Chemist: 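Let me give you the structure first, and then I'll get to my questions.
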There are 2 protein chains.
Amino acid sequence: MARTSGSHSEITGPRILEAALKLFAESGYAAVSMRKIASEVGVQVGALYNYTPDKQSLLFGLMRDHMEKLVAAWDQETRPDTPMARLEHFARFHVGYHHVRRDAVFIAYMELRNLTPENFAVIEGLRSTYEGKLEDILEEGARNGSFSVPDAKIASMALIAMLTGVNTWFRETGRLPLEEVQDIYWEMTRKAVTA
Amino acid sequence: MARTSGSHSEITGPRILEAALKLFAESGYAAVSMRKIASEVGVQVGALYNYTPDKQSLLFGLMRDHMEKLVAAWDQETRPDTPMARLEHFARFHVGYHHVRRDAVFIAYMELRNLTPENFAVIEGLRSTYEGKLEDILEEGARNGSFSVPDAKIASMALIAMLTGVNTWFRETGRLPLEEVQDIYWEMTRKAVTA
DNA sequence: GTCTATAAATCGATAGAC
DNA sequence: GTCTATCGATTTATAGAC
């Protein structure tokens with residue numbers, strides 16, 4: 001991991017982001033020092049400040065990037081014809097996407113307290129945007145009779161909490177493959193909002 | 001908040017726990033200094049060490065106390081006759097209990113990373129014990145045909161994640177009273193596990 | 001672009017007076 | 001039981017050499 005003194009950058013910037021993502025997820029923002037990040041990358045602490053103005057920007061950049069990519073990824077998914085099919089697509093997409101971005105998801109949930117108020121507002125806006133995607137599906141389905149949902153906003157928060165919860169326990173090496181977990185969670189999702 | 005110099009203790013111990021609970025929930029364990037806790041109580045930092053051997057014990061004590069009281073509180077609840085009635089009782093109890101202990105619940109979820117391995121194992125054991133209460137209900141209901149649950153362990157984790165999620169958005173001053181929120185979440189819970 | 005060295009502040013924890 | 005004072009370590013961030 002350590003590099004020869006004075007060696008020059010190839011891709012130090014991305015490696016800093018990668019190291020910060022891993023370490024923030026492991027130990028938490030406040031518990032990870034800039035020196036620890038530098039050590040993980042294999043540079044001295046001063047070098048980090050060629051790529052970020054400060055530690056806060058490092059955290060905010062990771063969270064914003066994650067949330068923006070999440071929203072963009074969903075927007076680029078295909079859009080099935082019926083609310084029921086769209087809900088199924090959302091449930092499977094959410095579980096799958098959050099699984100492969102485990103560290104970023106974890107940080108986006110756990111480190112909200114460590115954002116400045118301005119940065120917090122940005123992340124909250126992106127979170128709300130994403131949640132609105134599910135809310136819209138539920139409202140459409142409620143209107144056309146596919147779903148029985150007294151409050152689409154609350155139902156969307158409830159379902160997202162349930163689906164995101166997969167990340168707290170699922171491991172590739174566990175008892176079930178992700179596809180079966182997605183089946184189970186989709187089934188619970190479907191039943192929870194159907195008449 | 002500040003106290004006259006040299007004044008003596010009446011209930012400093014509990015006030016330290018109260019301050020630590022509030023501050024850990026607000027800012028996170030790693031971001032809260034012992035000096036900050038002392039300041040919240042109105043004593044100097046040295047006085048804290050008459051009540052806790054170190055900062056880690058303060059965190060662990062709060063988390064263990066919360067989890068033990070949660071398990072004990074559920075065990076003392078009445079036990080309805082049918083799995084369906086027991087599930088409803090659990091859903092409403094979980095939402096209600098977690099609402100009034102918001103700070104402790106938040107800490108118990110967010111600060112697991114900051115526990116020593118030994119302390120982590122204790123808290124995880126208590127969490128598993130509590131989760132098992134729901135799992136047992138689901139298994140009984142699956143056996144007698146009340147529920148359609150392919151995997152009681154996964155279903156219990158999914159439902160607990162959903163129910164606990166209320167804490168992330170519900171406020172007393174919001175659009176709905178807690179009782180209506182409990183109605184909505186119970187309805188989703190019931191449907192999610194019914195055939 | 002990375003290094004070393006350092007500034008200035010803060011951390012957890014302890015010692016000893018009262 | 002609480003205070004003041006302090007130790008030693010660590011923090012973020014910067015300055016300047018190379």
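Keep in mind that this is a model prediction, so the values were computed, not measured. By convention in this document, chain letters (A, B, ...) are assigned in the order of the sequence lines, proteins followed by strands, and residues within each chain are numbered from 1.
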Chemist: A:Met34 has an atom CE; how far is it from atom P of C:dA7, in whole Å?
Modeler: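 These atoms are roughly 20 Å apart.
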Chemist: Provide, to the nearest angstrom, the distance between the OH atom belonging to A:Tyr29 and the C1' atom belonging to D:dT11.
Modeler: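 Roughly 12 Å, once rounded to whole Å.
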Chemist: Looking only at side-chain atoms of B:Asn50, point me to the closest of C:dA13, C:dC11, D:dG1.
Modeler: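 Given the options C:dA13, C:dC11, D:dG1, the side chain of B:Asn50 is closest to D:dG1.
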Chemist: Do A:Thr164 and A:His98 have side-chain atoms, one donor and one acceptor, less than 3.5 Å apart?
Modeler: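 No - no donor-acceptor pair under 3.5 Å links their side chains.
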Chemist: Among D:dG1, D:dC3, C:dT14, which nucleotide sits nearest the side chain of B:Tyr49?
Modeler: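 From the listed options, C:dT14 comes nearest.
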Chemist: From the set D:dT2, C:dC11, D:dA13, return the single nucleotide nearest to any side-chain atom of A:Asp54.
Modeler: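 Side chain of A:Asp54 sits closest to D:dA13.
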Chemist: In whole Å, I'd like the distance from the NZ atom of B:Lys36 to the P atom of C:dG12.
Modeler: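 Rounding to the nearest Å, NZ of B:Lys36 and P of C:dG12 are 13 Å apart.
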Chemist: Rounded to whole angstrom units, what separation is found between the CG atom of B:Leu48 and the P atom of D:dT4?
Modeler: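 Atom-to-atom, B:Leu48 to D:dT4, this comes out as 14 Å.
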Chemist: Nearest-nucleotide wise, let me know which of A:Pro53 and B:Arg35 is further upstream toward the 5' end of DNA chain D.
Modeler: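 Final value for this comparison: B:Arg35.
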Chemist: Does the pair A:Glu140/A:Arg79 count as a salt bridge with the N-to-O cut at 4.0 Å?
Modeler: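 Between A:Arg79 and A:Glu140 there is a salt bridge, with a charged N closer than 4.0 Å to a carboxylate O.
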Chemist: Given salt bridge (charged side-chain N to carboxylate O under 4.0 Å, His left out), test B:Lys153 with B:Glu131 step by step and report yes or no.
Modeler: CA-CA 9 Å; B:Lys153 175 125 192 86; B:Glu131 187 185 290; 2.8 Å; yes
Chemist: Using whole Å, report how far CD1 of A:Ile11 lies from P of C:dG1.
Modeler: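 Those two atoms, CD1 and P, are 14 Å apart.
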Chemist: Closest to the A:Gln44 side chain: D:dA13, C:dG12, C:dC3?
Modeler: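 Nearest listed nucleotide: C:dC3.
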Chemist: Should A:Thr12 be listed as having a side-chain N or O under 4.0 Å from OP1 or OP2 of C:dT2?
Modeler: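 Checking C:dT2 against A:Thr12, a side-chain N or O does come within under 4.0 Å of OP1 or OP2.
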Chemist: Please give me the minimum heavy-atom distance between B:Ser156 and B:Leu138, naming the atom from each residue.
Modeler: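 Minimum heavy-atom contact is N-CD1, 3.6 Å.
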Chemist: Side chain of B:Ala47 only, heavy atoms from C-beta on: which candidate in D:dT11, D:dC3, C:dT2 is closest?
Modeler: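 Looking only at side-chain atoms, B:Ala47 lies closest to D:dC3.
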Chemist: Less than 4.0 angstrom between a side-chain N/O of A:Ser33 and OP1 or OP2 of D:dT11, yes or no?
Modeler: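 Answer is yes, contact under 4.0 Å.
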Chemist: May I ask you to decide whether B:Asp183 forms a salt bridge with B:Arg92, counting only side-chain N to carboxylate O separations under 4.0 Å?
Modeler: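 Salt bridge present between B:Asp183 and B:Arg92.
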Chemist: Where the side chain of B:Lys55 is concerned, which of D:dT2, C:dT2, C:dG12 is the nearest nucleotide?
Modeler: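 So the side chain of B:Lys55 is nearest to C:dG12.
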